[in-house]
Amino acid sequence: MQNHPIRHDWHSNEVADLYNTPLTTLLHQAQSMHRQYHNPDVIEKAVLLNIKTGACPENCGYCSQSAHYNTGLEKEKLMPLNEVLAAAQKAKDAGAQRFCMGAAWRSPPAAAMPALIEMIQGVNALGLETCMTLGMLKKEQADSLADAGLAYYNHNIDTSPEYYDQVVTTRTFNERIDTLNQARSAGLKLCTGGILGMGESRADRISMLLVLSHLAPHPESVPINRLVPIEGTPLADATRIDDEEWIRTIAVARILMPKTTLRLAAGRHELDWAAQRLCFMAGANSVFYGEKLLTTPNVPAAQDERKIFKLQPH
Ligand code: SAM
Ligand code: DTB
Ligand code: SF4
């Protein structure tokens, strides 16, 4: 596998064939691709902070923060700047490269924009890469965030276009794509991926990866989450996909999008260390780091240091 070009024209049959490749061969192909574009011994640390919690008007069937479900989560207003910067400093001290601020909004309210801009400027000044995930963006909002110095915008497509309305009905898949286009046009780097294990089929997983790989340029970051089941949401009892399917999805994503930073994202706390290491062999080169995701627990940082980052002596 020498010098494979970056492609945006993958066909579903090719992706299905990759999924059906014997695991060791698939991992080898993915790792070979990975080594053409990345230092294979480096794993990015991205730290998350929920800057506005709960009471979201959207009905995403997986989410603890939707106002449509009773999940027992305490809602909170937009976090003050000093608390955001204290969390960012802590992330920096722990060795994070990226700091991702998330808000439970359908889209950011105009009144919040000045505070968001201060957060971007403050976190940039600490020497961290900034990422925000705030819901849908209009052109002017994307432009203001980019002008303030935001580096990445996270907006997950979550699943396939075909399965989307089984997961959320308060917005459409195409609205998701519109926001990604606004963010891209404003000059923001894209972080967009999905969630496995929401009851979708493998054909849906293939379709989701096709949409991501047909974006030109490819998203700079692709997080692959496995559903963190939240009691009180419609997807609380969704059938879990097994570890191998997650590993295979990461390998296939790496082959389709060789240059992207590929994140082994939420749900990692339920994966044992052997399976996590296979994910890194499959081309994952980023994790969410630190005790908490947005509203749920993550892998304890001390364990990550012992089990993962000790193997990365950089
Ligand atoms: N409200 C904004 C939005 O939806 O884009 C930003 C915050 S939202 C919580 C960010 C992303 O987190 C979602 O798009 C989804 O992919 C992921 N997410 C939320 N709850 C999750 C869960 N229980 N398990 C896995 N991923 C989840
Ligand atoms: C992403 O793909 N996963 C993150 C981040 N991008 C915003 C969020 C995961 C949330 C997991 C459930 C929770 O903590 O609420
Ligand atoms: Fe709201 Fe985002 Fe949760 Fe959907 S995923 S309910 S938009 S916070």
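Quick note: numbers below take in every heavy atom, side chains included, and nothing from hydrogens, waters or symmetry partners. Just so you know, residue 1 is the first one in the sequence shown, and it goes up from there. Order of listing sets the numbers, starting from 1, for every ligand and every atom in it.
- At the shortest separation from atom 18 (N) of ligand 1 among protein heavy atoms lies Tyr62 CE1, 3.8 Å.
- The shortest contact between atom 10 (C) of ligand 1 and any protein heavy atom is with Thr133 OG1, 4.1 Å.
- Contacts between Arg171 and ligand 3 below 4.0 angstrom, taking non-hydrogen atoms only, involve the side chain exclusively.
- At the top of the distance list for atom 27 (C) of ligand 1, counting protein heavy atoms only, stands Ile195 CD1, 3.7 Å.
- The nearest heavy-atom contact from the protein to atom 12 (C) of ligand 2 is Thr296 OG1, 3.6 Å.
- For atom 3 (Fe) of ligand 3, protein N, O or S atoms closer than 2.8 Å were enumerated as Cys63 SG, with waters left out.
- Scanning all protein heavy atoms for the shortest distance to atom 8 (S) of ligand 1 gives Leu294 CD1, 4.5 Å.
- With hydrogens left out, the protein atom closest to atom 3 (C) of ligand 1 is Arg176 NH2, 3.5 Å, a heavy atom.
- At least one heavy atom of Phe288 lies less than 4.0 angstrom from ligand 2.
- In terms of protein heavy atoms, atom 23 (N) of ligand 1 is closest to Val228 O, 2.9 Å.
- With a 4.0 Å heavy-atom cut-off, ligand 2 is reached by the side chain of Ser64 but not by its N, CA, C or O.
- In this structure, atom 14 (O) of ligand 1 lies nearest to the protein heavy atom Asp158 OD1, 3.4 Å.
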